[in-house]
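The structure under discussion appears below in the form of structure tokens.
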Amino acid sequence: MAAQPQQLLTNFALRFNSLPAPRKMGLAAALAASIALIVGLLLWSSTPEYKVLFSNLSEKDAGTITASLQQLNAPYKTEAGGTLLVPADQVYDLRFKLAAQGLPKGGAVGFELMDTPTLGMTQFQEQVAFQRGMEGELARTVQALAPVESARVHLAIPKPSVFIRDKQMPSASVLVNLHPGRSLDPGQVQSIVHLVSSSVPELSPNNVTVVDQAGNLLTNKSDSNAARGLDASQLDYIRQMEGYYAQRIEAIVSPIVGAGNVKAEVRADLDFSESEATSESYKPNPTPDAQAIRSQQSVEDINTSNNPAQGVPGALTNQPPGPATAPLNAAPGANAGPNVVPGQPAGGNSSRKENTTNFELDKTIRHTKEPLGRVKRLSVAVVVNYKAGAKDENGISAKPTPLTPVELQQINNLVRESMGFSQQRGDTVNVVNAAFTDSKVELDIPLWKDPDNVAMAKSLLKNLLIFGLAFYLVFGVLRPILRDMVKPPEPEKSDEELAEEAGEGGGEHHGSDGHAPTDTYAEILAKVREFAKADPKVTADIVKEWMAKE
């Protein structure tokens, strides 16, 4: 029949009191450690897993959210850096409920500052409030980008001035806090720059600076050439051109040698200098019939009168003519004076013709503007794989063979045509036929090197150690101790019983050394001592047998 609990407790108390002090302390420590470990395991297994609800919260948002969580009776934990943790199974539910309340606000105030105007606000205070609202709205807009976790915007807007010489342009600074493992590409940085510059009047994109949380400058303050797209995008443009030519070469050669059997690399030497030239040239005058007439003027003057009275009536008109200026003995046909035509009587008809023709000059005016990024020289290197050997009737492929010179020349010609080969530019083409090595190497990662398996093994090992230690404490330490402690204490034996046991043991091994039943306890004890001293080995064997019987 099983013992009653009260009897077990009584037996435990009696056995515990009979133990020496060191054993009592050790037993108490073992019991306390075992109970603490068991309770810790129970609490650890029953504690829910916590995940991040929000991080990098401002003090105002953190206080508002914790107050809302208390109203919702939701458990939460706080960590450094404005991080709130909630049970994993309630993360999304709480986020939806807090979002309905407009939380978190992001730590930045927007145009809601203007919703509650204050009486007596000065013009300066109104301007500051408007600027704060503009900065908050821009910060919220930048935070809408996927890689951005939070953002802050600072605007430097100078006072307007009526003097053009004293006018200053506004500037802006943007600090973005990116999600772990995320980054902004140059296109997204330019999007932020133009977004901010388009939101502030007279703000140039060159006056916008974007910095990440690590202090890295994401916008490059470049010179005038860079502003025209030469410095920042020059390398990208070169890569695009090289990739474009390489893709064209591989696309035209792949159908001949097969996909994956041709590799092309192109080095493009581009000229990014900007130049303009105006020239004016003139050719030698051609023949009149081959020239274009610019203008033509013709004058014809015919006089048919015989010296009629001319002029305005008056004293000078009625005066006689002056002396003749021609020589007296003039040759025939010589000029006989005014209004005298040779071969005609004095006072005959006169005629005069004038013809002026202006021809166009053969002039050429040429204005030349060289484009940016024009190709100065191309260097192309192409490697073509050997031809795969034919398979025999057993399905075994023969050894790959190189291309013939004719096939190699055909590929060379195709490459030249596809790249637009120009001898004047100094382009070069090099086509090589070589056997490709098998670059497909499958990495067979052992199970014990797989990161997922390692993490799972660590977690499993930790749990096994904890439960193994608990199992040992319970069944290896506590259970034997408690089983021995709850046993009823053995009654103390009298002197006669001890003498009888001693007599039985001694006669059992050495009858000659036995003692008479009438010997006293002291005599028996003295004999036993003498026997132990005389033959310790036999004594040890007797003790071992006693212990085995127990």
Side-chain angles (χ1 to χ4, degrees), residues 146-147 182-191 220 222 225-226 228-275 368-393 395-444:
R182 303 293 296 275
S183 61
L184 292 173
D185 56 30
Q188 292 173 324
V189 175
Q190 292 298 321
S191 300
N220 295 322
S222 54
N225 288 334
R228 290 194 295 266
L230 293 179
D231 191 14
S233 60
Q234 178 176 349
L235 185 59
D236 293 338
Y237 182 72
I238 292 175
R239 291 174 178 173
Q240 291 177 3
M241 291 294 294
E242 293 176 347
Y244 168 72
Y245 282 108
Q247 184 179 6
R248 291 185 60 179
I249 294 171
E250 292 180 358
I252 198 170
V253 179
S254 293
I256 301 175
V257 298
N261 291 324
V262 58
K263 297 294 181 182
E265 288 292 336
V266 180
R267 183 184 181 277
D269 186 7
L270 305 182
D271 185 9
F272 289 94
S273 61
E274 185 178 6
S275 62
T368 305
K369 183 178 181 181
E370 296 291 342
L372 296 176
R374 62 184 181 274
V375 179
K376 295 175 60 179
R377 184 172 180 269
L378 293 178
S379 300
V380 178
V382 181
V383 58
V384 182
N385 192 13
Y386 279 1
K387 292 188 297 184
K391 294 183 179 180
D392 56 10
E393 56 184 8
I396 300 176
S397 299
K399 186 178 180 180
T401 58
L403 299 176
T404 62
V406 176
E407 295 174 338
L408 202 59
Q409 184 61 36
Q410 291 177 351
I411 294 176
N412 196 333
N413 295 336
L414 288 176
V415 172
R416 288 172 176 264
E417 294 297 332
S418 62
M419 64 174 282
F421 181 84
S422 175
Q423 187 69 31
Q424 297 178 353
R425 288 188 315 206
D427 295 347
T428 59
V429 177
N430 189 6
V431 180
V432 177
N433 184 214
F436 286 6
T437 58
D438 189 6
S439 59
K440 297 180 180 180
V441 179
E442 296 183 359
L443 298 177
D444 188 9

* Structure fact -> The reported gap from CD1 in I252 to CD in Q247 (rounded to nearest 0.5 angstrom) is 13.0 Å
* Asked: Any salt bridge (charged side-chain N to carboxylate O under 4.0 Å, His left out) pairs touching residues 401-413, not counting sequence neighbours?
  -> K387-E407
* Asked: Can you list the residues that meet the side-chain hydrogen bond (donor to acceptor under 3.5 Å, both in side chains) rule with N430, with sequence neighbours excluded?
  -> none
* **Partners passing side-chain hydrogen bond (donor to acceptor under 3.5 Å, both in side chains) against R416 (at least two apart in sequence or in another chain)** => N412
* Closest heavy-atom pair and its distance - V266, A246 -> CG2-N, 3.7 Å
* Structure fact -> Residues A268 and I238: closest non-hydrogen pair is O-CG2, 4.1 Å
* What residues form a side chain to side chain contact (heavy atoms under 4.5 Å, CB included) with Q188, not counting sequence neighbours? -> P147, L184, D185
* To do: Could you pull out all residues at least two apart from D271 that satisfy salt bridge (charged side-chain N to carboxylate O under 4.0 Å, His left out)?
  => R374
* Give a yes or no answer on whether the side chain of R377 reaches the backbone of G426 with a donor-acceptor pair at less than 3.5 Å. => yes
* To do: State, to 0.1 Å, how close M419 and Y245 come at their nearest heavy-atom pair, and which atoms those are.
  => O-CE2, 3.6 Å
* With Y244 via side-chain hydrogen bond (donor to acceptor under 3.5 Å, both in side chains) - residues at least two apart -> R248
* Asked: Considering all heavy atoms of both residues, which atom of I411 and which atom of V257 are nearest to each other, and what is their separation?
  -> CD1-CG1, 4.0 Å
* To do: Determine, stepwise, if the pair V383 / F436 fulfils side-chain contact (heavy atoms from CB on, under 4.5 Å).
  => CA-CA 9 Å; V383 58; F436 286 6; 3.7 Å; yes
* For I256, side chain to side chain contact (heavy atoms under 4.5 Å, CB included) partners two or more places apart -> L414
* Please assess V432 against V384 for the test side-chain contact (heavy atoms from CB on, under 4.5 Å), listing each intermediate value before the final yes or no. => CA-CA 6 Å; V432 177; V384 182; over 6 Å; no
* Sequence-distant partners of R425, salt bridge (charged side-chain N to carboxylate O under 4.0 Å, His left out), two or more places apart -> D427
* To do: Please examine the side chains of L270 and V375, heavy atoms only from C-beta on, and report whether any two atoms are closer than 4.5 Å.
  => yes
* Asked: For the side chain of E265 and the backbone of A381, is there at least one donor-acceptor N/O pair under 3.5 Å apart?
  -> no
* In chain order, what residues pass the side chain to side chain contact (heavy atoms under 4.5 Å, CB included) check against P400, with sequence neighbours excluded? -> Y386
* **Heavy-atom pair of closest approach, residues V429 and V431** => CG1-CG2, 4.0 Å
* **Non-neighbouring partners of S191 that pass side chain to side chain contact (heavy atoms under 4.5 Å, CB included), sequence neighbours left out** => none
* Asked: Say you draw a straight line from OG of S379 to CD of E242; how long is it, rounded to the nearest 0.5 Å?
  -> 9.5 Å
* Asked: Of all residues at least two apart in sequence or in a different chain, which pass the side-chain hydrogen bond (donor to acceptor under 3.5 Å, both in side chains) check with Q409?
  -> N413
